[in-house]
Protein chains: 2
Amino acid sequence: MANQPITSYSTAPEVDALVNDLIGRVADKWTLLVLEQLEEGGEQRFGALARAVPGISQKMLTQTLRAMERDGLVIRTVHPVIPPHVDYRLTTLGHSLGEAFCGVWHWAEANLAAVQRSRSAFDARD
Amino acid sequence: MANQPITSYSTAPEVDALVNDLIGRVADKWTLLVLEQLEEGGEQRFGALARAVPGISQKMLTQTLRAMERDGLVIRTVHPVIPPHVDYRLTTLGHSLGEAFCGVWHWAEANLAAVQRSRSAFDARD
DNA sequence: GCCATTTCTAACCTTTTGGTGGGTATGGTT
DNA sequence: AACCATACCCACCAAAAGGTTAGAAATGGC
């Protein structure tokens, strides 16, 4: 960890590709919503998430949570009781991703109106 | 524009939805790659972009650039000559989006290894 | 004994996405 | 006269994403 440039911006092309893939994976619509919900709601169970995230199907929630768990973003805790009880919470990594997305989030909030204006203008020209 | 909280974090649910949609739109794989290429290469024409963005099809490039133009992220300049000559460059808005994505970009770069480790561990357990 | 509960899987089917190949315009080159 | 170059558009097809439904599994309450 000694003699390297601080943050090599766009290092090797294959690393670039991996980074792009990772962003693509992680910038998924449902992942974003689940991430947000876990950030503001803390640890919660499957059913709560399903209710909190508007419009998600059970299948997508399961799928999204599995992928997030695989990527090390959430921890899944199974309490072996009947009926099943499963909790999900963010890891440090997951939390740091949430913070990284703040910039985009703020951008979207701050520029939503501008984008909408641009769209109207675009759609209005013949 | 007078009496509101500075930056209402997650204001109304319908604004939330719009912001989410916008992020979803903008966090698209091809949009990200084109954005990156336009950031580092500056203004350039269609063919150059097609060559620079690895693996993009003509259709996707056209589609992506159109969407970005509609959202006010790029400006499309047509030089009415034969054969056609069209230049694309980022707007201020587009550039600011690029900066907003830096956080995610850095996160992905910094945590790529951690994610890969997590995946291996996940896949290895029976 | 039967039903409700909770999470998750598997089947099926629809919608969306994206690639390919063909077509268009037009003036300069061969 | 045929052809090339450039930036598209359009029609078609394959693949992937995602919704819906059914059901498994185990057990405490009726």
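Letters go in sequence order (proteins before strands), and every chain restarts at 1. Only a predicted model underlies this, so the values are computations on that prediction, with no experimental measurement involved. Side chains included, hydrogens not; waters and symmetry mates left out as well; all remaining heavy atoms used.
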From CA spacing to verdict: side chain to side chain contact (heavy atoms under 4.5 Å, CB included), R45(A), D87(A): CA-CA 4 Å; R45(A) 52 195 298 195; D87(A) 286 318; 3.6 Å; yes

Look for any protein N or O under 3.5 Å of an N or O in nucleotides 6-8 of chain D and output each such pair with its distance, or none.
residue	atom	partner	partner atom	Å
dT6(D)	O3'	R45(B)	NH2	3.0
dT6(D)	O3'	P84(B)	O	3.0
dA7(D)	OP1	R45(B)	NE	2.7
dA7(D)	OP1	R45(B)	NH2	2.8
dA7(D)	OP2	G47(B)	N	3.1
dC8(D)	OP1	R76(B)	NE	3.4
dC8(D)	OP1	R76(B)	NH2	2.6
dC8(D)	OP2	Y88(B)	OH	2.6
dC8(D)	N4	Q58(B)	OE1	2.7

Polar atom pairs between nucleotides 15-19 of chain D and protein, under 3.5 Å, N or O only, would you list them?
residue	atom	partner	partner atom	Å
dG18(D)	N7	K59(A)	NZ	3.2
dG19(D)	OP2	S57(A)	OG	3.0
dG19(D)	N7	K59(A)	NZ	3.2
dG19(D)	O6	K59(A)	NZ	2.2

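In this structure, D71(B) contributes its side chain and L73(B) its backbone to no donor-acceptor pair below 3.5 Å. The backbone N or O of Q116(A) sits less than 3.5 Å from a side-chain atom of S120(A), completing a donor-acceptor pair. Proximity of a side-chain donor or acceptor of T62(B) to a complementary backbone N or O of Q58(B) within less than 3.5 Å is detected. Checked by atom type and distance alone, the side chain of Q37(B) never pairs as donor or acceptor with a backbone atom of Q44(B) at under 3.5 Å.
Relative ring orientation between F101(B) and F101(A) is described as perpendicular, the plane-to-plane angle rising above 60° on a 0-90° scale split at 30° and 60°. The aromatic rings of H85(A) and H79(A) sit perpendicular, their planes meeting at an angle over 60°, well past the 30° parallel limit.
Between its opening and closing five pairs, the helix from dG1(C)-dC30(D) to dT30(C)-dA1(D) changes axis direction by 40°, a value rounded to 10 degrees.
In this entry the distance linking CD1 of I82(A) with P of dT27(D) reads 5 Å, nearest Å.
Cluster annotation: V78(B) is not connected to I75(B) through the hydrophobic network of ILVMFWY side chains, with a link wherever side-chain heavy atoms come within less than 4.5 Å.
Put simply, the side chain of W105(A) reaches to within 4.5 Å of the side chain of I23(B), judged on heavy atoms. At least one side-chain heavy atom of L65(A) sits under 4.5 Å from a side-chain heavy atom of L49(A).
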